[in-house]
Amino acid sequence: MIVNSLSLCYHNKLILAPMVRVGTLPMRLLALDYGADIVYCEELIDLKMLQCKRVVNEVLSTVDFVAPDDRVVFRTCEREQSRVVFQMGTSDAERALAVARLVENDVAGIDVNMGCPKEYSTKGGMGAALLSDPDKIEKILSTLVKGTHRPVTCKIRILPSLEDTLNLVKRIERTGISAIAVHGRNRDERPQHPVSCEVIRAIAETLSIPVIANGGSHDHIQQHLDIEDFRQATAASSVMVARAAMWNPSIFLKDGLRPLEEVMQKYIRYAVQYDNHYTNTKYCLCQMLREQLESPQGRLLHAAQSSQEICEAFGLGAFYEETIRELDARRADLLAKTPEAVEEPAEDSSGIIKMAIRFDRRAYPPQITPKMCLLEWCRREKLPQPVYETVQRPIDRMFCSVVTVAEQKYQSTLWDKSKKLAEQTAAIVCLRSQGLPEGRLGEESPSLNKRKREAPDQDPGGPRVQEPALPGEICKKPFVTLDSSEENLLEGC
């Protein structure tokens, strides 16, 4: 029996496509602001999602799906709940259903990625690899349609043969899905290849369910009016936009594109308000700047190593400070109302040396951290290695760490966003209480530099190797230009 509740309409809609590293909450909200009707999150792998715990984040007013390593894999909020589609990568019907049931109360629809041609997806039998296994496609989609209360869709690429493509989509339609998104290229083609509008049109004329046309950014869509031209060329019910929306999300605005500076500032505001990891924010801004990466502003973005520095690069320093104060006040208010949720870093706090300190990465050279300095000092003094004990506060998932050195405990009274940052602040408290150098700019330690060269991975807690708390992959280089395969990753998944 089909229990699926068709609450999301896919007729005559403008849709933000699923894009790896781009389709996180700030971009989805920005696209909605500019006129998108439906927004897809980036593809999220079923195995990763099944490790996640659903957490209500009262500070941000979001729902977070948090991995065991405390990464936020998927974050959403009430504003987009009726219009966000969760796209998963899967090759197994039961896993797919388990993920759908995990997220269905927080999203408007469930989508299965059957179009990504990248190896990380296809080697697991996901993405475009599913196109060669219609039986598995049918099982996954039928299981989802029957087992979840949200409309189910899938996103495919076309096959080399029109006949094979039509046979496949007709079989897909019979599973009971609500719509099908079609990228008008086959799995071996890249954005420089022309999109096959005629194949999408043939699919639209064959099926009775809505067909969503995708793949037009390179050849067809440069401004809002082009979206309708693409829809008519494909005879599709709706249009899904990827790279054109990544470059400037105001492509959805009927009144025309807004200035890029305005769009980027609006994006940054959402990123700060929803605690988006700065590396993800930086990556998306790099894609918007494109050929302006070598401009003065592009160079400031290149140098930025925190959300605060990104804000300062775009004239939003005051906004950042105000927002952080508001979030801290909200957090303090929640903690005051729920004192039972507060955990102390140690059962017995007597004897712990405490200071109100945070670790500011900008005050330290790239290859030196307080933890490294403390470890080096302990070795010189022939003391046992420092021992860090870190706890997480449930209400806001903030961290506090206590470091024990020579049987004395040290702790910062300020809570941090990550375990690694909390450990750095604890190390600073110890070093300052002992009057020792902590590695700040201007404090040279030849022995420390020598040991760093000998053992470059000695300090796993340094800020430059901090694991980001964001869904999907991140920008690992400050300046990113997309080659054809990378562009295909964005629009094909």
Side-chain angles (χ1 to χ4, degrees), residues 4 6 8-18 37-38 40 43 85 87 109-117 126-142 144-145 151-191 193-221 226-244 488 491-493:
N4 193 289
L6 301 179
L8 191 62
C9 173
Y10 290 92
H11 286 283
N12 196 29
K13 301 299 182 182
L14 301 181
I15 303 173
L16 177 70
D37 300 300
I38 299 172
Y40 280 55
E43 177 196 23
V85 174
Q87 187 188 68
I110 305 293
D111 183 81
V112 178
N113 178 7
M114 300 180 178
C116 183
M126 302 178 294
L130 287 170
L131 296 176
S132 59
D133 194 344
D135 291 339
K136 184 176 288 187
I137 288 177
E138 183 175 355
K139 184 176 181 181
I140 291 172
L141 294 178
S142 297
L144 285 172
V145 168
V152 176
T153 60
C154 67
K155 186 170 184 291
I156 69 167
R157 284 185 169 235
I158 62 176
L159 301 177
S161 159
L162 176 59
E163 180 182 3
D164 290 342
T165 301
L166 294 180
N167 287 336
L168 176 63
V169 297
K170 284 187 286 187
R171 188 168 180 180
I172 288 174
E173 181 181 37
R174 289 195 294 269
T175 64
I177 65 170
S178 302
I180 182 170
V182 181
H183 185 129
R185 296 181 179 89
N186 65 47
R187 61 180 294 178
D188 297 322
E189 291 179 324
R190 298 298 178 258
H193 295 101
V195 62
S196 300
C197 293
E198 66 281 359
V199 177
I200 301 177
R201 173 180 284 274
I203 295 171
E205 292 172 348
T206 299
L207 303 184
S208 59
I209 60 173
V211 172
I212 304 166
N214 175 235
S217 291
H218 190 274
D219 301 323
H220 295 267
I221 302 173
D226 298 334
I227 299 176
E228 177 58 21
D229 291 341
F230 184 54
R231 191 193 69 78
Q232 291 186 12
T234 58
S237 298
S238 300
V239 173
M240 176 180 278
V241 185
R243 286 174 298 128
N488 185 70
E491 192 152 1
C493 295

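Excluded from the calculations below are hydrogen atoms, water molecules and symmetry mates; all remaining heavy atoms, backbone and side chain alike, are included.
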Of the non-hydrogen atoms in H11 and S237, which two are nearest, and what is the gap between them? ND1-OG, 3.9 Å
Can you tell me which residue among T153, V112, N113 is in a side chain to side chain contact (heavy atoms under 4.5 Å, CB included) with Q87? N113
Sorted by chain and number, sequence neighbours left out, ring-ring contact (aromatic ring centres under 6.0 Å, His included) with Y10 holds for none
Any donor-acceptor pair under 3.5 Å from R185 side chain to G215 backbone: yes
Has N214 got a side-chain atom pairing as donor or acceptor with M240's backbone, closer than 3.5 angstrom? yes
Using the rule given for side chain to side chain contact (heavy atoms under 4.5 Å, CB included), can you reason through V152 versus D111, listing the C-alpha separation, both sets of side-chain angles and the distance that settles it, and then say yes or no? CA-CA 6 Å; V152 176; D111 183 81; over 6 Å; no
Does V85 reach the side chain of I110, with side-chain heavy atoms less than 4.5 Å apart? no
To the nearest 0.5 Å, atom OG1 of T165 lies from atom CG of L159 at 4.0 Å
Let me see the working for R201 and Q232 under side chain to side chain contact (heavy atoms under 4.5 Å, CB included), right down to the final yes or no. CA-CA 9 Å; R201 173 180 284 274; Q232 291 186 12; 5.7 Å; no
Looking only at non-hydrogen atoms, find the nearest pair between N186 and R157 and report the distance. O-NH1, 2.8 Å
Exactly one of N12, L8, L14 should register a side chain to side chain contact (heavy atoms under 4.5 Å, CB included) with D37. Which one does? L14
More than 12 non-hydrogen atoms from neighbouring residues, nucleotides or ligands closer than 6.0 Å to CD on E205, yes or no? yes
When rounded to the nearest 0.5 Å, the distance separating OH of Y40 from CG of L16 is 10.5 Å
What pairs of residues pass the side-chain hydrogen bond (donor to acceptor under 3.5 Å, both in side chains) test when at least one of them lies in residues 126-136, not counting sequence neighbours? D135-R171
Within this structure, what is the CD1-OG distance for the pair I177 and S142, rounded to the nearest 0.5 Å? 9.5 Å
With sequence neighbours left out, the residues meeting salt bridge (Lys or Arg N to Asp or Glu O under 4.0 Å) with D226 are none
When you measure from the side chain of S161 to the backbone N and O of D164, does any donor-acceptor pair fall under 3.5 Å? yes
Of all heavy-atom pairs linking I221 and A244, the shortest is O-CB, 3.8 Å
Heavy-atom pair with the smallest gap, counting every atom of S208 and E173: OG-OE2, 2.6 Å
Are the side chain of E138 and the backbone N or O of I172 linked by a donor-acceptor pair below 3.5 Å? no
In Å and rounded to the nearest 0.5 Å, what is the CD1 to CD1 distance from I212 to I15? 4.0 Å
If you compare all heavy atoms of S178 against all heavy atoms of P210, which two are closest, and at what distance to 0.1 Å? O-CD, 3.1 Å
